2 protein chains.
Amino acid sequence: MSIQLDVEKPITNADRTFYQLRNDIVEGAILAGSKLSETELSTKYEVSRAVIREGINRLTACHLVERKANVGAKVVSLTPEGLIQLYQVREALEGMAARLAARHMNDEEIVSLQGLLDSHFNTVKDAQLYYQEAGDVDFHYRIVTGSKNSHLISVLIDGLYHLVRMYRVQLGMAGPRVSTAFDEHRHIVNAIANRDEELAEMLMRRHILYSKNNIENKLSPTPT
Amino acid sequence: MSIQLDVEKPITNADRTFYQLRNDIVEGAILAGSKLSETELSTKYEVSRAVIREGINRLTACHLVERKANVGAKVVSLTPEGLIQLYQVREALEGMAARLAARHMNDEEIVSLQGLLDSHFNTVKDAQLYYQEAGDVDFHYRIVTGSKNSHLISVLIDGLYHLVRMYRVQLGMAGPRVSTAFDEHRHIVNAIANRDEELAEMLMRRHILYSKNNIENKLSPTPT
DNA sequence: AAGGCCTAAATTGTCGACAATAGAGTTTAT
DNA sequence: ATAAACTCTATTGTCGACAATTTAGGCCTT
């Protein structure tokens, strides 16, 4: 089963530059916490300062950079507190997404989602961690879109998920928790298939909470 | 007690223009659903197109306008479905905000919040609906900032709240529910003062859910 | 020597002009 | 008559230059 989350195709030059910038920041090619010089970037990406500025503004909107008037922009710094706060927001939003998915996903979408889990099961058996990681992203992606709530979708997919990916990539999350996370996914899908909104939300919130605790333990011995 | 939620001061011309645009959209001076012509706005606000473009981009980030490449931007349309989806996101985020506020607000902040409610009680007695409306905004504002979660704060205050205000202003929400909402506020503050995270979240979610139902009934006789 | 002030360099903010694209209206061919 | 292709116009996308602001460094004063 194919995995592609970045189906957003660049129309204009500003689009393309924004995607490149975002990717370079998420992947760490542009270091976290570093300053973003407009002139420097404009020569590096071979576009005018105007498109760089638009890119930086868009990056500010998804919380990947911070901008200060008359001073400049810099890439956000990755901190344990920031990661915790990020997961708290995820817990709230994705919990609601699971609730709404249980209400609004049609039968066809649910069957497809179950099929996705089946294919994950095979990769888990073969212990292909990378695909599991991508599969996890794909799973959450489907729940969110399944909520049919445009605000939820845009805030998570256009916004927070890129920051989540940035933490994962740069702090080297791949981790265990693969098989247990798979079971949690299965339970969530079951709740959605049963149209049990309450349970779907609760299971999703716990799933994210566990994930947060798992990451916290990896980062520091004393969780908050 | 003074009420000021827009303490954000414009530094640059782009800031000032963005605030003006945002206000004109929220207040309805620029009609919902109407197209935003860059050249037209640039003459109207007496700034260059670059400034207008930055403003439009920022408005896109807080979901007040929608932009399509090579076509242009238009103000979002207000629909019952959009309002419902907005309140669903509010329920999730502000519920979490109340939970975190119960965890992170210090005693001084809680006392101040209780004082705010006391002053509301007087205005409610005098039936000054306008101040109650502003007071409601102030109340929610404090809970959100009390969460000490920067993502939560920015998504709600810089983003969704302006859209909420737009719905309230343009669909003429002032409504009854004043005194009952006041009681709900009181219960929420009590839960926070008792450091009861679970209850604070639940009460806040119900508070927003009631508010949503109240608005739905005003809009259409058949709620979703 | 420490502190403040002034100057200069670099960076961001703003602007007007030009290029590229989309949409409407007109023409033309079947 | 209809549909496709073309032209033209209005709007957005992109660019380089100029203005305003910040910041760092040296200089002067106490």
Side-chain angles (χ1 to χ4, degrees), chain A residues 6-25 29-77 154 158, chain B residues 6 8-25 29-77 158:
Chain A
D6 272 34
V7 270
E8 29 187 7
K9 298 228 166 121
I11 306 294
T12 145
N13 258 337
D15 288 338
R16 183 177 47 77
T17 306
F18 166 60
Y19 294 145
Q20 287 183 349
L21 273 172
R22 189 177 62 186
N23 208 64
D24 286 351
I25 288 175
I30 300 177
L31 292 176
S34 64
K35 184 174 191 318
L36 293 176
S37 164
E38 294 182 0
T39 57
E40 183 184 334
L41 291 175
S42 93
T43 62
K44 180 176 172 183
Y45 290 88
E46 293 177 314
V47 289
S48 85
R49 265 186 59 216
V51 328
I52 294 291
R53 274 176 76 83
E54 174 165 342
I56 289 179
N57 281 334
R58 289 209 232 174
L59 290 168
T60 306
C62 47
H63 303 266
L64 286 176
V65 316
E66 292 163 348
R67 211 180 132 193
K68 230 170 81 181
N70 282 316
V71 174
K74 56 177 204 154
V75 181
V76 295
S77 300
S154 71
D158 297 334
Chain B
D6 273 32
E8 29 187 7
K9 297 229 166 121
I11 305 293
T12 152
N13 259 336
D15 289 336
R16 183 179 47 77
T17 306
F18 166 60
Y19 295 145
Q20 286 184 349
L21 273 171
R22 188 178 62 186
N23 209 65
D24 287 350
I25 288 174
I30 299 176
L31 292 176
S34 64
K35 184 172 191 318
L36 293 176
S37 163
E38 295 182 359
T39 57
E40 183 184 337
L41 291 175
S42 94
T43 62
K44 180 177 173 183
Y45 290 89
E46 293 178 313
V47 289
S48 85
R49 265 187 59 216
V51 174
I52 295 291
R53 272 175 77 81
E54 174 165 341
I56 289 180
N57 281 334
R58 288 208 231 173
L59 292 168
T60 306
C62 46
H63 304 266
L64 287 176
V65 317
E66 292 163 348
R67 213 180 129 193
K68 229 170 82 180
N70 283 316
V71 174
K74 57 179 200 145
V75 182
V76 295
S77 300
D158 297 333

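We name chains A, B, ... by the order of the sequence lines, and we start the count at 1 in each one. A quick note: this is a predicted structure, and the numbers were derived from the prediction, not measured.
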Under 4.0 Å, counting only non-hydrogen atoms across every strand here, what does B/Leu36 touch: a base, just sugar-phosphate, or nothing?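 Touches sugar-phosphate only.
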Does a side-chain heavy-atom distance below 4.5 Å link [X] with [Y]?
X	Y	answer
A/Leu21	A/Arg58	no
B/Leu59	B/Arg22	yes
B/Asn57	B/Glu54	no
B/Ile52	B/Thr17	yes
A/Arg53	A/Arg67	yes

Without swapping roles, check the side chain of A/Asp15 against the backbone of A/Thr12 for a donor-acceptor pair under 3.5 Å. yes
Can you tell me if the side-chain N/O atoms of B/Lys74 get under 4.0 Å from OP1 or OP2 in D/dT12?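 False: B/Lys74 side-chain N/O out of range (4.0 Å or more) of D/dT12 OP1/OP2.
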Please state how far atom NZ in B/Lys35 lies from atom C1' in D/dT11, giving the value in whole angstrom units. 7 Å
Distance in angstrom units between A/Ile52 CD1 and C/dT12 P, rounded: 11 Å
How does protein contact run along nucleotides 13-25 of chain C, one letter per nucleotide 5' to 3', with B for base contact, S for sugar-phosphate only, - for none, heavy atoms under 4.0 Å? BBB-B---SSS--
